[in-house]
Amino acid sequence: MQTLILLGLVGLAAQLINGSLGMGYGATSTTMLLMLGTGPAAASATVNLSQVGSQLASGFAHWRFGNVDRRVVVRIAAPGAVGAFAGALLLSRLSSEAAGPLMSSILLALGLYLLLRFTLRDMPRPTGARPLRTAFLAPLGLVAGFMNSTGGGGWGPVGTTALLATGRLEPRKVIGSISAGEFAVVVAGSLGFAVGLGLEGIDLAWVGVMLLGGLLAAPVAAWLARMVPARPLGSMVGGLIVLTNTRVVLSAEWAQLPPLPTYALYAGILLAWAAAVAHCWRLHFSERRAEHRDGSRDRSRDDHASSEAEDGPVPAEH
């Protein structure tokens with residue numbers, strides 16, 4: 001019972017993260033399942049199945065809040081589904097000895113990428129330039145879908161990051177479109193695992209409680225996409241994924257270290273993580289103050305222009 005409650009909370013927290021950042025559900029929840037001793041393929045299958053309902057609810061909620069660009073969803077979701085199905089079949093065919101290090105390494109890389117991306121890079125701003133082309137969206141969806149199945153996560157980190165980097169969609173529409181498109185990806189991934197694994201090794205009770213947690217969180221997450229500061233949250237999630245998957249990787253025989261270097265590594269990760277989160281909060285508040293000053297200047301100019309218009313032209317002096 002304690003495990004079921006824990007997994008329900010994992011599903012809730014992971015969906016809040018995913019709906020707010022457009023990434024993080026798979027990496028967060030798969031990491032937890034691996035820590036509980038679940039096999040890599042079964043962990044990814046469980047996560048995909050649990051997301052079917054929550055992503056449908058999440059996509060609908062984002063659509064209701066006006067966060068979805070339907071043209072982007074259609075062109076990225078179909079190739080994403082193809083990639084997810086292929087990735088699920090591949091992971092199902094690998095042995096646990098080969099799949100475990102592969103999945104943990106992918107998750108560790110995703111966590112490190114999230115941490116660095118939100119800590120060191122400027123947040124892209126939409127330019128309203130040319131629309132996104134199918135030639136860009138289709139390969140992106142294929143790669144992101146494949147990563148989502150083989151790594152237990154990847155649709156968000158790959159897809160959301162790439163769309164944000166283009167600067168052609170405002171952040172809330174990037175997050176909403178990726179969340180809506182993920183429904184097709186997790187359905188295809190679940191079908192791939194069903195073909196490759198059947199229901200062997202998948203605990204349907206675990207799927208159910210994670211699904212329930214995700215469903216409860218989905219509408220709240222869609223609202224948070226407008227409110228939550230993405231930079232600090234992204235660094236916190238990235239650091240958590242790095243820390244937990246470092247533990248999983250170091251538990252493998254080929255990666256084990258003596259106790260002293262292991263503790264030193266963990267201490268270094270914790271210190272770097274804390275510094276990154278603090279830096280992100282400082283940047284967030286600095287950006288907010290700059291936006292407030294710019295907004296005040298713009299309002300002052302508008303008020304001055306309106307005043308001149310009401311008073312009429314100033315008579316010329318002779």
Side-chain angles (χ1 to χ4, degrees), residues 6 9-10 12-32 34-35 104-126 151 153-154 156-165 167 170-172 174-175 178 217 220-250 257 259-296:
L6 174 62
L9 293 174
V10 168
L12 188 146
Q15 185 59 43
L16 283 175
I17 293 167
N18 188 72
S20 303
L21 287 179
M23 61 184 82
Y25 184 99
T28 304
S29 51
T30 302
T31 296
M32 179 59 68
L34 290 177
M35 291 178 65
S104 293
S105 298
I106 291 175
L107 288 169
L108 181 60
L110 290 175
L112 185 61
Y113 180 80
L114 286 176
L115 182 62
L116 295 176
R117 187 253 177 277
F118 283 97
T119 303
L120 301 180
R121 294 186 60 185
D122 292 334
M123 302 301 292
R125 298 181 181 274
V158 175
T160 299
T161 302
L163 291 184
L164 283 173
E170 55 185 308
R172 69 182 181 90
V174 170
I175 294 170
I178 287 294
V220 180
W223 175 77
L224 284 176
R226 293 173 171 231
M227 308 296 294
V228 72
R231 187 189 289 277
L233 181 59
S235 66
M236 286 188 282
V237 173
L240 177 63
I241 294 170
V242 169
L243 182 65
T244 50
N245 281 283
T246 297
R247 177 183 175 277
V248 175
V249 170
L250 291 181
L257 296 173
L260 186 58
T262 299
Y263 295 144
L265 178 60
Y266 285 142
I269 292 173
L270 287 170
L271 288 173
W273 184 18
V277 171
H279 177 67
C280 286
W281 277 112
R282 284 196 300 270
L283 286 177
H284 169 68
F285 288 123
S286 175
E287 290 166 355
R288 288 289 299 273
R289 286 193 296 269
E291 290 174 0
H292 180 72
R293 287 195 300 269
D294 292 343
S296 297

Heavy-atom pair with the smallest gap, counting every atom of [X] and [Y]:
{"X": "Val242", "Y": "Leu112", "result": "CG2-N, 3.2 Å"}
{"X": "Thr119", "Y": "His279", "result": "O-CD2, 3.4 Å"}
{"X": "Ser235", "Y": "Leu115", "result": "O-CD1, 3.3 Å"}

Would you give the length of the straight line joining atom [atom1] of [X] to atom [atom2] of [Y], rounded to the nearest 0.5 angstrom?
{"X": "Leu12", "Y": "Ser29", "atom1": "CG", "atom2": "OG", "value": "12.5 Å"}
{"X": "Leu265", "Y": "Thr246", "atom1": "CG", "atom2": "OG1", "value": "6.0 Å"}
{"X": "Arg289", "Y": "His284", "atom1": "CZ", "atom2": "NE2", "value": "10.0 Å"}

### Query
Is the closest side-chain heavy-atom distance between Leu243 and Tyr266 below 4.5 Å?
yes
### Task
Describe, in one word, how the ring planes of Trp281 and Phe285 are oriented to each other, choosing from parallel (under 30°), tilted (30 to 60°) and perpendicular (over 60°).
parallel
